[in-house]
Peer 1: 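Quick one: this structure, given as structure tokens, is what I'll be asking you about.
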Amino acid sequence: LYSSAASDVYKRQAYGASTLGGAIDYISHTGHTAPGQALRLEVGSWDYWRATLSHGWSDASRDLYASITTQQQDGFRDHAQQENLRLFSNYGWRMQDNIETRFYLSAVQTRSELPGSLTMRQMFDDPRQANAANLLRDQRRDFDLIRLANKTTFRSGASTIEAFAAFSYKDLDHPIFQVIDQLSQDFMAGGNITHAGEWLGRENRLKAGVLLTRGETNAAQFGYTSPTSSRRGAKLQDDDQTATNVEAFIEDQYELGSGFTAVAGMIASHNRRQNSRAFGPVNASTNYDLEYDQIAPKMGMRWEGEGIQFFANVSGSYEPPSFSETVTANAARDAQTATTFEIGTRGAKDFLRWDVALYHSDLEDELLAVLDPETNLSTTTNARKTTHSGIELGTEMDLFGQSWESTAQHRLVLSAAWTYGRFKFEDHRAAGYDYSGNTIAGLPPHLIRAELMWRHAEGYYAGPICEWVPQGAYIDHRNTLKSDPYALLGFRVGKRTPNGVSWFVEARNLTDEVHAATTGVIDNANGADVAQFLPGDGLGLFSGVEIHW
């Protein structure tokens with residue numbers, strides 16, 4: 001419930017991210033934070049089962065953590081079987097009091113059948129059916145991934161230096177309208193320095209860093225042996241794609257006094273996109289070498305009191321186009337830029353916790369992906385001027401009125417997350433049509449998730465959960481077709497303990513409501529009931545147990 005993108009300027013600047021929406025900070029378990037062994041088993045409807053085994057170990061200067069997870073399910077829909085195997089591990093070594101390093105190894109093998117999209121009528125007639133074309137071609141998304149990384153930290157007085165590097169290898173086999181076969185190798189290296197001290201008699205925190213990434217992909221496409229076959233046929237095209245990115249950032253946080261802190265920063269980016277066709281039709285849109293440069297400044301202010309924070313900021317963002325699955329004449333060639341204004345607050349007071357942000361972004365050349373419903377080809381285009389505005393709210397309150405700082409035997413906790421978004425074309429014309437004033441397709445304006453849980457001091461909990469979409473999302477940018485609103489109700493009961501045995505039982509979609517969990521996005525549905533709806537799961541029951549020792 002606290003996954004808000006609030007305080008965008010601080011999140012993006014702290015990790016050197018330049019794109020709209022900020023950065024996600026994944027914090028791995030280590031041998032120090034997750035010691036001992038744990039076994040977790042889950043089972044549920046549609047032959048779902050999942051098992052995770054983890055181990056954490058540490059001594060005075062070293063630690064090790066590893067987990068392996070296997071998961072299988074037939075899926076709610078036909079042709080929705082999945083099999084996944086995932087390994088996550090890391091090893092840390094404190095070489096000296098001021099020097100430590102950590103190595104990471106991850107490996108993923110995933111096999112997924114794709115049931116495809118349905119028309120709305122098909123969805124309500126039988127939400128479990130698969131799209132006929134997906135069955136015919138046995139459409140899937142299978143890939144293997146290996147990732148190696150290292151992060152080394154040096155501390156000297158008030159300064160901290162971090163150096164990091166990573167390599168990932170991904171082999172994708174993706175039979176859809178054609179067979180997409182991609183082999184990717186990504187390299188990353190960078191570092192940053194943070195100095196926390198005083199300047200002009202006040203606390204000051206200065207951070208700067210640089211990040212270099214290079215991705216190399218061999219992207220091939222194959223046909224099928226016949227119009228009714230799912231077997232790979234002749235090669236149709238073969239592209240060599242290289243993406244190179246260099247980003248440097250600097251941020252300063254200066255304490256002004258009376259709880260106020262000023263934040264100012266800047267990100268400079270240089271990006272290059274190279275596509276070379278080794279086999280297949282060749283034209284100006286298949287062989288290109290594009291370069292992009294951008295500087296995005298950011299500034300903000302925050303005030304912190306006892307258990308509460310207010311913030312306001314304005315920030316620039318920038319995103320060059322990536323390689324589309326197909327290279328077409330109208331594919332995006334311009335970088336997306338935006339200016340975002342944001343205000344918000346977060347904190348805890350007595351029985352209430354909250355995190356809320358209001359934002360508005362003015363974008364130019366927004367990168368929008370559109371699917372052609374006839375050919376099933378996807379392309380990314382630039383929209384001239386668009387806006388994103390919204391509210392993100394997360395809250396948690398004890399309805400018994402007990403403070404979060406107190407020890408309570410019983411609590412009745414209402415937790416809720418509400419996101420509201422208004423995404424509009426402000427000035428965009430293409431193919432003889434004026435999109436200005438239209439809603440950008442793909443997302444419902446409101447999404448509300450909530451739960452009301454009784455919690456006991458010994459770890460027991462029970463209560464209802466719900467997900468509510470009061471207005472559907474447009475399927476097409478011309479706003480001629482949209483999905484239906486829906487509300488899902490569930491119930492969860494269980495026990496959480498840091499050691500020993502934890503367990504849960506959860507019923508989902510108790511009313512077995514037929515709904516579109518998500519949709520495709522196309523340019524123009526012409527008001528017709530096109531196959532762009534992906535049904536969500538029906539009534540299901542799941543349970544699990546976790547043992548720590």
Peer 1: Taking atom types as modelled, is there a side-chain donor on S54 or S67 under 3.5 Å from an acceptor on the other?
Peer 2: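 No, no side-chain donor-acceptor pair sits under 3.5 Å.
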Peer 1: Please identify each residue that fulfils side chain to side chain contact (heavy atoms under 4.5 Å, CB included) with A487, with sequence neighbours left out.
Peer 2: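 Residues passing side chain to side chain contact (heavy atoms under 4.5 Å, CB included) with A487: W468.
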Peer 1: For the residue pair T386 and K424, confirm or rule out a side-chain donor-acceptor distance under 3.5 Å.
Peer 2: no
Peer 1: Does any donor atom in the side chain of Y288 or Q274 lie under 3.5 Å from an acceptor atom in the other side chain?
Peer 2: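 Not at all, the side chains of Y288 and Q274 share no donor-acceptor pair under 3.5 Å.
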Peer 1: Would F167 and Y169 count as a close aromatic pair, with their ring centres under 6.0 Å?
Peer 2: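 So the answer is no for these two rings.
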Peer 1: Write out all pairs satisfying salt bridge (charged side-chain N to carboxylate O under 4.0 Å, His left out) with one or both partners inside residues 179-192, taking only residues at least two apart or from two chains.
Peer 2: D181-R232
Peer 1: Which residue pairs satisfy the salt bridge (charged side-chain N to carboxylate O under 4.0 Å, His left out) criterion with at least one member in residues 103-119, sequence neighbours excluded?
Peer 2: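 Output for this query lists R111-D144, E113-R140.
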Peer 1: Kindly list each side-chain donor-acceptor pair under 3.5 angstrom involving residues 115-125, sequence neighbours excluded, with atom names and distances?
Peer 2:
residue	atom	partner	partner atom	Å
T119	OG1	Q122	N	3.1
T119	OG1	Q122	OE1	3.4
Q122	OE1	T119	N	2.9

Peer 1: Could you verify whether a donor N or O on one side chain and an acceptor N or O on the other, from Q185 and E216, lie under 3.5 Å apart?
Peer 2: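 Their side chains do not contain a donor-acceptor pair, so the 3.5 Å distance test is not met.
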Peer 1: Name all pairs fulfilling the salt bridge (charged side-chain N to carboxylate O under 4.0 Å, His left out) condition that reach into residues 75-84, sequence neighbours left out, sorted by first residue then second.
Peer 2: none
Peer 1: Write down the atom of Q178, the atom of F222, and the distance for their closest heavy-atom approach.
Peer 2: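 Scanning both residues completely, I find the closest heavy atoms to be CB-O, 3.2 Å.
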Peer 1: Kindly give the heavy-atom pair with the smallest separation between R333 and N382, and that separation in Å.
Peer 2: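 Where R333 meets N382 most closely, the heavy atoms are N-OD1, 3.2 Å.
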Peer 1: Cut-off 3.5 Å, side chains only: do N90 and S28 have a donor facing an acceptor?
Peer 2: no
Peer 1: Where do A133 and Q139 come nearest, in terms of heavy atoms and distance?
Peer 2: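 Shortest heavy-atom contact: O-NE2, 3.7 Å.
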Peer 1: A335 and P320: which non-hydrogen atoms are nearest, and at how many Å?
Peer 2: CB-CA, 3.9 Å
Peer 1: I'd like to check the side chain to side chain donor-acceptor pair (under 3.5 Å) partners of Y224; sequence neighbours left out, ordered by chain and number.
Peer 2: none
Peer 1: Which of these, T244, D289, N245, sits in a side chain to side chain donor-acceptor pair (under 3.5 Å) with R273?
Peer 2: N245
